[in-house]
Amino acid sequence: MVRASYTNDLRDLKKLCAFHLFVARGPQTFAVSAMFALIAVFFFVMSAVGGNAALGCTAGAVLLAAAAILPLIRFLLQSAKMKKAAASNPNYTATRQEYTFGEENFTLRICVRGKEEEYAIPYAQVLRAYETKEYFYLYIGGGKVLILPKGAITEGSADELAACLRAMGKRFREKRSCRRA
């Protein structure tokens with residue numbers, strides 16, 4: 001059994017935004033940038049073959065710059081949206097989650113200013129879970145992601161939690177380099 005307790009933190013939310021955009025959604029995030037880069041290469045090739053090198057190189061350079069900056073713009077927009085959502089919730093930084101992980105499910109108790117709600121969530125209902133060097137991210141649907149810093153584990157270990165999450169099969173992306181030998 002693994003237990004953890006975590007209080008919402010805006011720094012952790014920002015790290016989640018970066019992880020979600022660049023890792024969890026990685027191929028989708030970079031698809032448009034890759035398309036822009038391919039079109040830029042096309043313009044560079046056509047400018048070398050064709051007669052109007054200045055126009056082709058300029059168009060290629062503009063598209064290449066757009067391909068490079070687009071993921072950064074998406075990250076800044078997503079971070080601003082999450083920060084605004086957290087700021088609009090006066091209880092965000094006062095919200096504590098208490099986790100108890102078992103073999104087939106985990107219990108999530110949400111505590112906000114003296115009020116508590118408890119949910120039993122089977123691993124079969126978790127859409128996906130990721131492990132990083134510092135966190136576990138549990139995607140539970142409806143745009144909801146639970147952030148669990150490894151330092152928030154109060155009973156058990158990150159290795160034991162990873163063993164529990166392996167019940168999810170391929171929906172759990174484990175960082176094996178974090179496992180102890």
Side-chain angles (χ1 to χ4, degrees), residues 1-30 71-72 74-181:
M1 181 173 301
V2 177
R3 294 183 192 273
S5 180
Y6 169 69
T7 301
N8 287 347
D9 186 293
L10 289 173
R11 290 173 299 200
D12 294 333
L13 183 62
K14 189 170 183 176
K15 288 180 182 182
L16 168 65
C17 288
F19 176 85
H20 178 73
L21 190 63
F22 297 121
V23 178
R25 292 192 53 155
Q28 295 167 343
T29 298
F30 294 108
L72 178 62
R74 289 185 69 179
F75 169 70
L76 293 174
L77 289 173
Q78 181 178 348
S79 292
K81 182 180 175 182
M82 290 294 125
K83 191 173 182 180
K84 183 178 178 181
S88 70
N89 179 356
N91 293 323
Y92 182 77
T93 55
T95 301
R96 186 178 79 247
Q97 294 97 36
E98 295 175 357
Y99 300 88
T100 304
F101 293 90
E103 288 183 27
E104 296 179 16
N105 64 8
F106 68 97
T107 303
L108 170 63
R109 179 179 302 158
I110 299 174
C111 308
V112 183
R113 301 193 193 278
K115 296 179 183 176
E116 294 184 6
E117 294 180 23
E118 189 169 306
Y119 306 93
I121 304 170
Y123 295 121
Q125 290 183 359
V126 177
L127 299 176
R128 55 197 157 137
Y130 294 90
E131 178 184 16
T132 69
K133 186 177 179 181
E134 299 177 63
Y135 298 94
F136 287 96
Y137 296 120
L138 305 170
Y139 286 71
I140 58 172
K144 293 180 178 80
V145 182
L146 299 173
I147 301 171
L148 179 56
K150 290 181 177 180
I153 297 174
T154 57
E155 183 180 319
S157 67
D159 291 339
E160 292 174 282
L161 178 53
C164 291
L165 295 175
R166 283 188 201 114
M168 294 175 52
K170 292 184 179 186
R171 292 177 293 128
F172 173 48
R173 300 288 198 288
E174 181 175 6
K175 189 164 184 79
R176 294 193 185 274
S177 62
C178 294
R179 299 285 79 80
R180 295 184 184 134

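Each residue takes its place number in the sequence, starting with 1.
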Using only atom types and a distance under 3.5 Å, with no angle test, would you say the side chain of [X] pairs donor to acceptor with the backbone of [Y]?
| X | Y | answer |
| --- | --- | --- |
| S79 | K14 | no |
| R173 | K170 | yes |
| Y123 | G102 | yes |

**Prompt:** Which pair of heavy atoms, one from D12 and one from P149, lies closest together, and at what distance?
**Reply:**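 Closest approach of D12 to P149, heavy atoms only: OD2-CG, 4.0 Å.
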[atom1]-[atom2] distance between [X] and [Y], expressed to the nearest 0.5 angstrom:
| X | Y | atom1 | atom2 | result |
| --- | --- | --- | --- | --- |
| N105 | C164 | CG | SG | 10.0 Å |
| Y135 | L16 | OH | CG | 9.0 Å |
| L148 | F106 | CG | CZ | 9.0 Å |
| L138 | E131 | CG | CD | 11.0 Å |
| E155 | S5 | CD | OG | 12.5 Å |
| Y92 | T7 | OH | OG1 | 10.5 Å |

Are [X] and [Y] side-chain neighbours, meaning at least one heavy-atom pair lies under 4.5 Å?
| X | Y | result |
| --- | --- | --- |
| I110 | T95 | yes |
| Y6 | L146 | no |
| R166 | E174 | yes |
| Q97 | N8 | yes |
| K83 | L13 | no |
| F172 | V126 | no |

**Message:** Quiz question: by atom type and distance under 3.5 Å, do the side chains of R3 and T100 form a donor-acceptor pair?
**Reply:**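 Note: R3 and T100 side chains meet the donor-acceptor criterion.
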**Distance-only polar pair, side chains of Y139 and H20, donor-acceptor under 3.5 Å** =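 Yes - a donor-acceptor pair under 3.5 Å links their side chains.
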**Test side-chain contact (heavy atoms from CB on, under 4.5 Å) applied to V2 - qualifying residues, sequence neighbours left out** =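 With neighbours one apart ignored, the set is F101, I153, E160, L161.
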**Asked** Around E116, counting heavy atoms of other residues, nucleotides and ligands shown, do more than 12 lie under 6.0 Å from its CD?
**Response**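 Enclosed: over 12 neighbouring heavy atoms sit under 6.0 Å from CD of E116.
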**Asked** R171: what forms a salt bridge (Lys or Arg N to Asp or Glu O under 4.0 Å) with it, not counting sequence neighbours?
**Response**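 Expected list: none.
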**Prompt:** So I147 and Y137, side chain to side chain contact (heavy atoms under 4.5 Å, CB included) or not? Walk me through it.
**Reply:** CA-CA 5 Å; I147 301 171; Y137 296 120; 4.1 Å; yes
**Message:** Regarding K150 and E134, does a basic nitrogen lie under 4.0 Å from an acidic carboxylate oxygen?
**Reply:**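 So K150 does not pair with E134 through a salt bridge.
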